[in-house]
Every structure is written in C-alpha cells, then in structure tokens.
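Notes follow the structure.
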Amino acid sequence: MTPPFRRVLVANRGEIAIRVMRACRELGVESVAVYSDADQDAPHVRAADLAERIGPTPAGESYLAGDAVIAAARQSGAEAIHPGYGFLSESPAFARSVESAGLVWVGPPAGTMEGLGNKLAARRTAADAGVAVTPGLLVAAGEAPDGELDRLGLPLLVKAAAGGGGRGVRRVDRIDELPDALDSARREAEAAFGDGTVYVEKLITVARHVEVQLLGDRHGNLAVLGERDCSVQRRHQKLVEEAPAPNLSTATRDGLAADARRVAEAVAFHNAATVEFLVEPDGSRWFLEMNTRLQVEHGVTELVTGVDIVAWQLRVAAGERLDDEVLGATPRGHAIQVRLYAEDPWAGFAPTPGRLGAWVMADGPGIRVDGGVEAGQELPTAYDALLAKLMVHAPDRAAAVSRLRRALDETAIGGVPTTLGFHRWLVDQPDFVEGRHDLRFVATAWGEGPPLAVGDRAMAAAAVLAAQDAALPAATPTPGAHPTNGGRPWTRQARLEAIDRTGDP
C-alpha cells in the first residue's frame, strides 16, 4: 500500500500523540512531534521521527498556539497535521489556517466543524434534520430571550459550546446559582479552548450517555461503526467506555445509528466524528452534541470492529475511499476501556501531579494499553491528568468484565494517587457488572469513596498490592522469597493475607 503521506505532524502530546504516531509508522509515514518546554523529554517526543519545539510550558503559548504549530510543520517538512483530541482539534479557525498554509488537515473540514463541532451549532443542525435535541437554548446564554431559561425548569446544565472533557460544564440546582455558573464556565472554557461561549440545557438526570462512531470519506461514503456507552462519569468527565452499549433494545440501537447518520448527512462530512445522545430508560433518545474529531474512547470501537480509525483518518485525508470491510464492519465481542488518571478518587478526583514511581501495565490476551508516560516521569500540572487507557476485548460482556478485573490486578502505578483503585472497586459493583448503571452511578454509588478498610481486598489489591509488584527488589537473599516475609515466597496470596492482618504490609 502506498503511504498516504510522506510526513505528518501530530499537534498533541501524551498517549494520543503516541497512538497517532503508531498508525503513521504502520502506514509507512514519518511522524513529527511538537513539544513545550515541559515536554522536551516526554515519551511522545521520543516516539516520533522528528520533533519541533513550539513554546513554553503553558498550553496557550504552545499546544494552543496555532501559528507555532503550523510553523513547526513547515520547518519539519510535514505535509499534513493530525490534531489528536483536545487542544486545537475542534478549532475551525485552526483547520482553515492549516489548509491556507498548503497543508492537509486530518479531520472533518472547517465548514463541518462550524456546522457540527460547535455544540450550539450542532444542536441547531440536528434540530433542523429532525433529530430530537435535549431541551434548552439554541443560542449562547447571553443571547437568550427574556424568560427562556425560566421556562426550562430545574436542574439546568451550563455547557461550553467548544471542546469537551467535562470542561466548562456546571450544574445549576437553584436559579440564583446561574450567574456564577455562567461566569465560571465561561472562564474555564476560555482557558481550555480559547472560546468562552456557553449555553444552557435542561439536565436529564436518569439516562445513559451513548455515542455513535462515524467514519466518512471524501466520496460520500459513510460508515456507522456502532455505539459506545460512556455512562460512568464524574462531573461530566468520562471514566469508563464500552462497546457495544449494554442492554439496549434493537430498536433503540437502530434508532441511534439512524439519527447519527441524519446529523452527519446534514452537512458535508468526512473523516471521523462521534454523535452523542442521552438515552432514557424508556428508550427515548436526545441528541447532545457531535464531536468532529477523534475521541478518547475510539479504541474500544477499534477492538470490536477491527477498523483502525486513526489509520483511516489519514487515508481519508489523502483522498482514499473507505473499503467494503469498513463500510460493512459490525461489532464482534465486547470491549471496555478505563481511563487511568493522575487523580485521587478518595479526594474528589483532585489532580495529583508529581513524579511517577512504578509503572507496570497489564498484558496478555485481549488487553491493549494506550499510554503516554513512563516510570520516573514528572507529571506537569499544566495539562490533562490522563496517563493511559487500559482496554480489554473478550467474546461477551461478562468475559470482558472478568478480563478487566484481572488486568487491573496486574497494573501497578506508584508515586502519585491514581484512579486505579476506583476502577478495581467498580468491576465488583453489581450494577456495573450487570450493565444496569446510568449517569447517576458514580455520584450515588461512589460518592467521595468508600473507606479503604482493613480486609477490603479489592481496593487494597489495587491501591497497595499492585504498587508493591514493581517495588519488590529484583533479587533477594533466598530465591523466590522476600526477607520481610519471614523467608517465605512473597506470593499474591501472602500479600493479601498481610493486608488483611495489618492493612499496610
């Protein structure tokens, strides 16, 4: 196969930059990394064929500095720019600047991003296409007619029109909270996305978050690659995603696919995008937004369909047609992804910057890890706290949950608190195991986190025992034994017994 490009610049960092670079390498394409001063020695820089500095540590002066990114592409001789997700990935202005510079933009065209990528514009587009949208504004909050917000009722949700990842989102339970919510959401959106536009919609509390993956080419072909459930969320930040969505009726599944197709066909669309919905217990579905970019959770769709979405992004950008295998792809088995963040679940998921200690990822059949860090790395405070995405694939959901449980037990992260313990707790919760969870699950079942008590083997295994795996010395005085365990083999069972006895082996 002829490579779609000779050289591609990846305008991002961390695990997504490495993921794109791997696709480039498999296609025979050279990759160019960009880095801020904080990332000069980061893994994504070493993963690339070439690297260009784009500015100091603050994202606004580096990864969000479009002129610097384009200059780096020209300096390196790149032919195209892949934005990953976050940062400039949903900026139509940047996409136009890339094309004006004579480079290829690897993503939906700027016109599509303006029509669908901006959440407000997408709501209007979906409504015009006959797709039900969540009740709320179709204009920015400051442009709403008098009394419009009062008619929505409570609770409300303030949302940033640009970007995602839970940024620029505020819940409003009393109308007197609205002014402060609007102001804080605007400030956060401006800092994260360079666009402080916000709007308001009715908060639907008893629902699941389900999204449909789309992939289109420049020749009018559109593949609907199934749906994903993203209902395990904390403050509108997704923590777990799976494909296909569990416990959906065939009618609801088909309806979601049809609605997603209608939205995409309402504008000139190509490349990768995701249409997101709320699904209520009775099957009612509401359009939320369309993300005109690659999603953090794209990997679970790749696992169940066998379609390399990133590779096809590059191929579509070069003008290739989607082949019959992609157009006819159907899910096989079940995949689940958990996001491993440098956050403390027992402290309100607060970020935990610092230096990573142990870093041992699970391996074996049906396991995939998309990571962007390494042991000993200093985690900068200036960027997102996502460390890696741990994915499993199995013949059915029950087997996938079991495989995920095993993979989490084999994962070791030291140095800073992470969400590993939360995920190990999650896979033992009956509502999750049976696929009965919805958007309320984390707030109601986890709250601020159950106590890590002596004898709580599930969380102790994740929070203490796993980190020990990487901390044990490579050699000990007695082969197969550890001196602090009385000369007996320091097996997993022995360590669990030690946790039960003392809570701190």
Do [X] and [Y] have side chains that get closer than 4.5 Å, going by heavy atoms?
| X | Y | result |
| --- | --- | --- |
| Gln233 | Leu439 | yes |
| Lys238 | Arg339 | yes |
| Leu239 | Tyr341 | yes |
| Val240 | His423 | yes |
| Leu314 | Val29 | no |
| Phe422 | Val442 | yes |
| Glu343 | Pro417 | no |
| Arg13 | Val34 | no |

Please determine whether a side-chain nitrogen of the Lys or Arg among [X] and [Y] lies less than 4.0 Å from a carboxylate oxygen of the Asp or Glu.
| X | Y | value |
| --- | --- | --- |
| Arg228 | Glu211 | yes |
| Asp37 | Arg53 | yes |
| Lys389 | Glu297 | no |
| Glu15 | Arg19 | no |

Whether the side chain of [X] engages the backbone of [Y] through a donor-acceptor N/O pair (distance < 3.5 Å, no angle test) should be reported.
| X | Y | value |
| --- | --- | --- |
| Glu79 | Arg6 | yes |
| Asp195 | Ala162 | no |
| Arg25 | Ala47 | yes |
| Glu90 | Asn291 | no |
| Gln377 | Glu374 | yes |
| Ser31 | Val8 | no |
| Arg293 | Tyr85 | no |
| Glu30 | Arg7 | no |

Would the number of heavy atoms belonging to other residues, nucleotides or ligands and lying under 6.0 Å from [atom1] of [X] be above 12?
| X | atom1 | value |
| --- | --- | --- |
| Asp363 | CG | no |
| Gln75 | CD | no |
| Glu325 | CD | no |
| Asp396 | CG | yes |

Distance in Å, [X] [atom1] paired with [Y] [atom2], rounded so as to fall on 0.5 Å steps:
| X | Y | atom1 | atom2 | answer |
| --- | --- | --- | --- | --- |
| Ile70 | Ser97 | CD1 | OG | 4.5 Å |
| Leu426 | Leu408 | CG | CG | 8.5 Å |
| Phe5 | His82 | CZ | NE2 | 10.0 Å |
| Arg406 | Ile367 | CZ | CD1 | 3.5 Å |
| Asp259 | Phe287 | CG | CZ | 10.0 Å |
| Leu379 | Leu387 | CG | CG | 6.0 Å |

**OP:** Under the side-chain contact (heavy atoms from CB on, under 4.5 Å) rule, what do Val416 and Leu356 come out as? Steps first, then yes or no, please.
**Re:** CA-CA 6 Å; Val416 298; Leu356 277 177; 3.9 Å; yes
Looking only at heavy atoms, what is the nearest atom pair of [X] and [Y], with distance?
| X | Y | result |
| --- | --- | --- |
| Arg355 | Gly376 | NH1-O, 2.6 Å |
| Ala407 | Leu390 | CB-CD2, 4.1 Å |
| Gly86 | Asn12 | O-ND2, 4.2 Å |
| Leu322 | Val316 | CD2-CG2, 3.9 Å |
| Glu114 | Ala121 | O-CB, 3.1 Å |
| Trp359 | Ala375 | CB-N, 3.7 Å |

**OP:** Test side-chain contact (heavy atoms from CB on, under 4.5 Å) on Val433 and Asp428 and set out the steps.
**Re:** CA-CA 7 Å; Val433 171; Asp428 283 338; 6.0 Å; no
Subject >> Residue pair Glu26, Asp308: steps toward the side-chain contact (heavy atoms from CB on, under 4.5 Å) verdict >> reply: CA-CA 11 Å; Glu26 291 184 8; Asp308 187 329; 4.1 Å; yes
Between [X] and [Y], is any side-chain donor less than 3.5 angstrom from a side-chain acceptor?
| X | Y | result |
| --- | --- | --- |
| Tyr383 | Asp39 | no |
| Gln313 | Arg315 | no |
| Glu201 | Thr134 | yes |
| His298 | Gln213 | no |
| Ser184 | Arg170 | yes |

Original post:
Taking the inter-plane angle between the rings of Phe441 and His437 on a 0 to 90° scale, is it parallel (under 30°), tilted (30 to 60°) or perpendicular (over 60°)?
Top reply: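 Geometry flag for His437 against Phe441: perpendicular rings.
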Original post:
Quick one: is the NZ or CZ of Arg46 closer than 6.0 Å to the six-membered ring centre of Tyr35, and within 45° of its axis?
Top reply: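 No, cation not above the ring by the 6.0 Å, 45° rule.
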Subject >> Candidate list Phe87, Phe193, Phe94, test ring-ring contact (aromatic ring centres under 6.0 Å, His included), partner Tyr63, passing option >> reply: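 Exactly one pass, corresponding to Phe87.
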**OP:** Show the numbers, then the answer: is there a side-chain contact (heavy atoms from CB on, under 4.5 Å) between Glu227 and Leu248?
**Re:** CA-CA 10 Å; Glu227 82 289 335; Leu248 282 187; 4.2 Å; yes
Subject >> Passing option when Glu289 is tested against Lys159, Arg123, Arg124 for salt bridge (Lys or Arg N to Asp or Glu O under 4.0 Å) >> reply: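 In the set Lys159, Arg123, Arg124, the residue that makes a salt bridge (Lys or Arg N to Asp or Glu O under 4.0 Å) with Glu289 is Lys159.
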Subject >> Check against salt bridge (Lys or Arg N to Asp or Glu O under 4.0 Å), Arg234 and Glu448 >> reply: CA-CA 11 Å; Arg234 167 75 177 183; Glu448 293 305 314; 3.6 Å; yes
